[in-house]
Asks: 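Input: one structure, supplied below.
Just so we're on the same page: letters track the sequence lines, and every chain starts at 1.
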Amino acid sequence: MKKKSLQEDIVDVCLRRGIIFPSAEIYNGPSGFYEFGPVGESIRQNIIQLWQEAFVNAENNVYEISGSTILPENVFEASGHLESFNDPLTQCEGCKSMFRADHIIEEQVGINVDGKSLAELFDIIKEKNIVCNTCKGVLTMPREFNMMFSTTIGPVSDKTGYLRPETAQNIFLNFRRISHSMRAKLPFGVAQIGKAYRNEISPRNFLIRLREFEQMEIEMFVDPDEINNHTYWDDIKDFEVRILTREAQQKNGKPKKMTLEQGITDKIIHNQYMAYYMFKESLFVQDLGISEDQFWFRHLLENQTAHYSKANYDLEIQFPFGIVECIGLAYRTDYDLIKHAEKSKTNMQINVPGKGNIVPHVIEPSFGLNRLVYAVLLNSYISEGREWTWFKFPKSIAPWEALITPLMKKDGMDETAENLYWDLKDQGIDAIYDNSGNIGKRYARNDEVGVPFCITVDYDTLKDETVTIRDRDTTEQIRVSMDEVGSIIRELILEIITWEEIKEETEVLNENTE
RNA sequence: GCCUACGUAGUAUAGUGGUGAGUAUCGGGGCCUCCCACGCCUCAGACCUGGGUUCAAAUCCCGGCGUAGGCACCA
């Protein structure tokens with residue numbers, strides 16, 4: 001009689017309807033890995049496409065690349081990941097709890113132990129009598145736990161490679177090639193969509209914390225002197241965002257609504273480029289169907305900011321069971337380019353006319369694709385009002401645009417519907433065909449994966465070449481001619497016309513009165 | 001990694017130291033049906049994994065893997 005959680009319901013429908021599967025499920029695969037099924041993959045592709053349109057195609061200075069996921073060790077020596085992703089863990093001999101050695105020392109005796117070796121940490125633990133937080137037990141010698149997956153490169157080589165823990169490094173590594181080959185001038189951005197890997201200690205919560213995940217990132221290279229001189233500033237400065245300020249977090253308060261300009265003036269938003277991406281991220285998240293009262297930007301506290309970053313704002317989305325952080329926005333300064341310049345002895349400067357060579361600074365919006373997919377699933381999921389659950393995906397994200405189906409499999413309706421299906425596919429409609437079971441079952445099945453429209457061939461079609469279109473969100477139906485149905489679906493999907501508008505113009509029938 | 005609970009068809013569940021492992025739903029095929037998981041027939045489908053105890057283990061014990069929650073860790 002246990003009431004199932006929302007997450008369990010979503011996982012259930014993901015499995016049944018081909019959206020998301022656990023990896024290597026038949027071997028009880030390790031946790032933290034999930035794969036997209038046919039329906040989920042379609043949703044994923046659609047989200048990627050929306051992102052590319054907004055963040056790459058809509059700009060005139062953003063270039064997209066695709067980098068290697070395995071990179072040699074020196075990359076991560078330079079980037080700091082070998083050091084800072086390397087946590088010294090110590091374990092209690094009594095209760096087996098794990099702690100970060102540096103954290104527990106700092107917590108119990110307030111000493112900063114940055115840069116100490118494992119042996120030195122252990123000495124301090126013994127000397128200062130540091131004990132287990134939970135049971136006061138004795139702590140073991142700390143050992144390294146690195147969150148990066150390592151591998152070897154080449155057949156007999158002892159050359160170490162790592163699966164990248166973030167996509168960003170490829171962009172820094174290719175900085176010179178890109179700026180030269182594209183004749184790029186500051187400011188310009190490099191975008192990348194790809195996998196990243198982190199060997200999390202305990203993956204949890206379905207798609208929230210994964211060991212293999214996908215990021216959509218931009219590194220925006222900017223002249224630091226121009227960081228408060230964004231080209232579109234006048235157009236966006238009055239845009240309102242909600243920010244959970246550092247002050248509000250201390251007071252356990254609520255996000256504050258402010259214009260971007262006010263955020264800059266009050267020194268809450270670090271610079272105009274970050275403000276610009278807050279603007280862009282806000283629009284994007286709303287395109288995914290998430291309303292503005294459901295998300296905000298959290299200004300990370302200083303001790304939560306990553307080793308490379310000067311300022312961070314996480315876009316967090318509120319759901320019934322909690323908060324999901326989906327998009328990071330970081331000011332990485334010139335940290336990465338300088339580190340790689342030093343380590344590789346490569347010039348990472350770019351020429352700025354009238355100024356000479358400089359190392360640009362970097363603003364990085366970083367989108368967690370898997371988390372966004374999850375956010376979309378959670379946000380679109382509806383379990384009330386019908387005998388089945390359904391997804392009210394935005395039309396541009398839904399796995400298919402329309403179902404084509406005959407009312408019944410007889411009297412030629414089947415063949416007519418199938419011909420219409422091929423016709424619509426030729427017209428570029430992302431259509432799916434189904435003639436099994438009965439009509440109600442088919443509507444329900446398609447609601448369940450969030451297909452926005454169902455086109456039904458019925459007896460009238462055979463007489464006068466009209467079909468009905470059923471709207472997923474209202475279950476209302478209209479009747480239109482077969483010749484027009486493709487273009488009408490196209491206009492509905494692109495939101496050139498709304499359902500309400502088209503209802504005015506056509507015959508509405510069979511209103512569902514349950 | 002620790003603690004607690006759990007693991008039976010795709011999903012949800014019943015059940016017992018010796019069973020033909022039951023039911024519902026989904027799925028496939030067929031029938032019926034002029035619009036929202038109708039009904040009928042039919043087929044297919046399961047005891048997480050490895051070891052131990054036992055004449056006998058899906059059932060009891062231990063380990064592993066996985067899931068949920070809590071701790072810790074992490075963004």
Side-chain angles (χ1 to χ4, degrees), chain A residues 1-2 4-5 7-9 11-18 21-33 37 84-85 87-92 94-100 103-104 132-135 137 140 143 145 147 165-166 196 198-206 208-211 213 215 298 300 304-306 309 312 314 316 321 324-328 330 366 368 371 386-390 405-411 413 436-448 454 456-462 467-468 470 472 475-477 479 509-514:
Chain A
M1 285 309 281
K2 173 178 84 157
K4 283 184 32 168
S5 72
Q7 178 162 300
E8 282 175 307
D9 289 343
V11 171
D12 181 30
V13 73
C14 282
L15 293 171
R16 282 188 295 110
R17 293 279 106 135
F21 311 131
S23 296
E25 192 184 6
I26 61 171
Y27 290 106
N28 281 322
S31 60
F33 297 91
S84 77
F85 261 54
D87 295 335
L89 290 187
T90 179
Q91 192 169 25
C92 169
C95 69
K96 307 290 180 201
S97 299
M98 306 283 293
F99 301 95
R100 272 188 59 164
H103 283 189
I104 197 167
C132 171
N133 267 349
T134 28
C135 76
T140 61
R143 60 192 166 84
F145 178 77
M147 301 254 299
E166 60 172 8
R198 293 180 191 178
N199 198 2
E200 297 285 355
I201 298 171
S202 63
R204 278 289 163 79
N205 270 339
F206 196 39
I208 297 301
R209 202 190 301 167
L210 298 175
R211 290 187 166 127
F213 55 100
Q215 295 183 305
R298 188 164 71 86
L300 298 203
Q304 294 169 320
T305 308
S309 181
N312 267 83
D314 274 356
E316 299 184 326
F321 68 86
V324 178
E325 61 193 65
C326 291
I327 308 174
S366 172
R371 291 180 177 190
R386 296 183 195 175
E387 287 167 57
W388 52 92
T389 67
W390 57 290
T405 189
L407 183 60
M408 283 172 291
K409 271 193 290 189
K410 62 179 195 184
D411 300 334
M413 286 184 278
S436 82
N438 61 62
I439 188 74
K441 221 172 213 184
R442 282 171 253 157
Y443 289 153
R445 266 201 291 258
N446 278 270
D447 280 358
E448 207 173 16
C454 297
T456 306
V457 168
D458 57 15
Y459 280 102
D460 288 352
T461 313
L462 304 178
V467 292
T468 64
R470 170 188 182 269
R472 176 197 66 198
T475 77
E476 291 168 344
Q477 285 180 307
R479 181 170 289 283
L509 29 99
N510 289 338
E511 289 212 33
N512 218 350
T513 51
E514 267 184 79

Asks: Measure the distance from CG on A:Asp447 to C1' on B:rA37 and round it to the nearest whole Å.
Replies: 10 Å
Asks: Tell me whether the OP1 or OP2 atom of B:rU67 has a side-chain N or O from A:Ser31 closer than 4.0 Å.
Replies: yes
Asks: To the nearest Å, how far apart are A:Arg16 CZ and B:rC26 P?
Replies: 10 Å
Asks: Among B:rA68, B:rA12, B:rC34, find the nucleotide with the atom closest to the side chain of A:Asp12.
Replies: B:rA12
Asks: Figure out the CE/P separation between A:Met413 and B:rC32, and round it to whole Å.
Replies: 12 Å
Asks: Would you call A:Arg298 and A:Glu316 a salt bridge, taking side-chain N to carboxylate O under 4.0 Å as the test?
Replies: yes
Asks: Please report the distance separating the P of B:rG39 from the corresponding atom of B:rU67, rounded so that it comes out in whole Å.
Replies: 36 Å
Asks: I want to verify a distance call: between B:rA75, B:rU11, B:rA37, whose nearest atom is closest to the A:Arg17 side chain?
Replies: B:rA37
Asks: Does A:Glu200 offer a backbone N or O that forms a donor-acceptor pair with the side chain of A:Arg211 under 3.5 Å?
Replies: yes
Asks: Would you check if the side chain of A:Asp411 reaches a backbone N or O of A:Met413 as a donor-acceptor pair within less than 3.5 Å?
Replies: no
Asks: Is there a donor on the side chain of A:Asp458 or the base of B:rC34 sitting less than 3.5 Å from an acceptor on the other?
Replies: no
Asks: Taking the C1' atom of each, how far is B:rA75 from B:rC6, in whole Å?
Replies: 29 Å
Asks: A:Tyr443 has an atom OH; how far is it from atom C1' of B:rC35, in whole Å?
Replies: 5 Å
Asks: I'd like the P distance from B:rG51 over to B:rA56, given in whole Å.
Replies: 15 Å
Asks: Quick check against the 3.5 Å criterion: does A:Arg479 have a side-chain atom that pairs as donor or acceptor with the backbone of A:Thr468?
Replies: no
Asks: Using a 4.0 Å heavy-atom cut-off, does A:Asp314 contact any base of the nucleic acid, only the sugar-phosphate backbone, or nothing at all?
Replies: base
Asks: Would you say the base of B:rC74 and the side-chain of A:Glu200 have a donor-acceptor pair closer than 3.5 Å?
Replies: no
Asks: Using the C1' atoms only, state how far B:rG27 lies from B:rA9, rounded to an integer number of Å.
Replies: 11 Å
Asks: Is the phosphate of B:rG27, meaning OP1 or OP2, less than 4.0 Å from a side-chain N or O of A:Arg445?
Replies: yes
Asks: Given A:Ser436 and A:Arg445, is the side-chain hydrogen bond (donor to acceptor under 3.5 Å, both in side chains) satisfied, shown in steps?
Replies: CA-CA 11 Å; A:Ser436 82; A:Arg445 266 201 291 258; 2.8 Å; yes
Asks: Looking at A:Leu15, is its backbone amide N or carbonyl O close enough to the side chain of A:Asp12 to form a donor-acceptor pair, meaning the two atoms are under 3.5 Å apart?
Replies: no
Asks: Pick the closest RNA chain B nucleotide for A:Leu15 and for A:Thr389 by heavy atoms, then say which residue is nearer the 5' end.
Replies: A:Leu15
Asks: The side chain of A:Glu325 lies closest to which of these nucleotides: B:rG10, B:rU33, B:rA75?
Replies: B:rA75
Asks: For nucleotides 38-45 of chain B, list the nitrogen or oxygen atoms of the protein found under 3.5 Å from its nitrogen or oxygen atoms, one pair per line.
Replies:
from, atom 1, to, atom 2, distance (Å)
B:rC38, OP1, A:Asn438, ND2, 3.4
B:rC38, OP2, A:Asn438, OD1, 2.7
B:rC38, OP2, A:Asn438, ND2, 2.4

Asks: The side chain of A:Glu448 is closest to which nucleotide in this list: B:rC34, B:rA37, B:rC35?
Replies: B:rA37
Asks: Please tell me which of A:Val457 and A:Gly437 maps to the more 5' nucleotide of RNA chain B, matching each residue to the nucleotide holding its nearest heavy atom.
Replies: A:Gly437
Asks: For the C1' atoms, the ones on B:rC2 and on B:rC48, what distance do you get once it is rounded to whole angstrom?
Replies: 23 Å
Asks: Looking at A:Asp447 and A:Arg470, does any basic side-chain N land under 4.0 Å from a carboxylate oxygen?
Replies: yes
Asks: Just by distance, no angles: are the side chains of A:Thr475 and A:Tyr443 close enough, under 3.5 Å, to form a donor-acceptor pair?
Replies: no
Asks: I'd like to know if A:Arg371 pairs up with A:Glu325 as an ion pair, taking the criterion as any Lys NZ or Arg NE/NH1/NH2 lying under 4.0 Å from an Asp or Glu carboxylate oxygen.
Replies: yes
Asks: Distance check, C1' atoms only: B:rC60 and B:rU54, in whole angstrom units.
Replies: 10 Å
Asks: Looking only at heavy atoms, which two atoms of A:Phe213 and A:Pro165 are closest? And how far apart?
Replies: CZ-O, 4.0 Å
Asks: Using the side-chain heavy atoms of A:Arg470, tell me which of these nucleotides is nearest: B:rC74, B:rC36, B:rA68.
Replies: B:rC36
Asks: Quote, to the nearest angstrom, the P distance that separates B:rA44 from B:rG22.
Replies: 13 Å
Asks: Heavy atoms under 4.0 Å, any strand shown: does A:Arg209 hit a base, just sugar-phosphate, or nothing?
Replies: base
Asks: Give the rounded distance in Å between these two atoms: CG of A:Asn199 and P of B:rC73.
Replies: 18 Å
Asks: For A:Glu8 and B:rU11, give me the distance from atom CD to atom P, rounded to whole Å.
Replies: 13 Å
Asks: For the side chain of A:Lys410, counting heavy atoms from C-beta on, which of B:rC34, B:rA37, B:rA75 is nearest?
Replies: B:rC34
Asks: For the P atoms, the ones on B:rU11 and on B:rC74, what distance do you get once it is rounded to whole angstrom?
Replies: 35 Å
Asks: Would you mind reading off the distance between A:Arg211 atom CZ and B:rG66 atom C1', rounded to a whole angstrom?
Replies: 12 Å
Asks: Given the rule in the side chain to side chain contact (heavy atoms under 4.5 Å, CB included) test, do A:Asp314 and A:Leu300 qualify, once you have shown the distances and angles that lead to the verdict?
Replies: CA-CA 7 Å; A:Asp314 274 356; A:Leu300 298 203; 3.7 Å; yes
Asks: Would you mind reading off the distance between A:Asn312 atom CG and B:rA75 atom P, rounded to a whole angstrom?
Replies: 11 Å
Asks: Under a cut-off of 3.5 Å for both distances of each Watson-Crick or G-U pair, what dot-bracket string does RNA chain B give, using [ ] for crossing pairs and | for inter-strand pairs?
Replies: (((((((..((((....[...)))).(((((.......)))))....(((((..]....))))))))))))....
Asks: Any side-chain donor paired with an acceptor under 3.5 Å for A:Arg442 and A:Thr405?
Replies: yes
Asks: Where the side chain of A:Trp388 is concerned, which of B:rU33, B:rC36, B:rA68 is the nearest nucleotide?
Replies: B:rC36
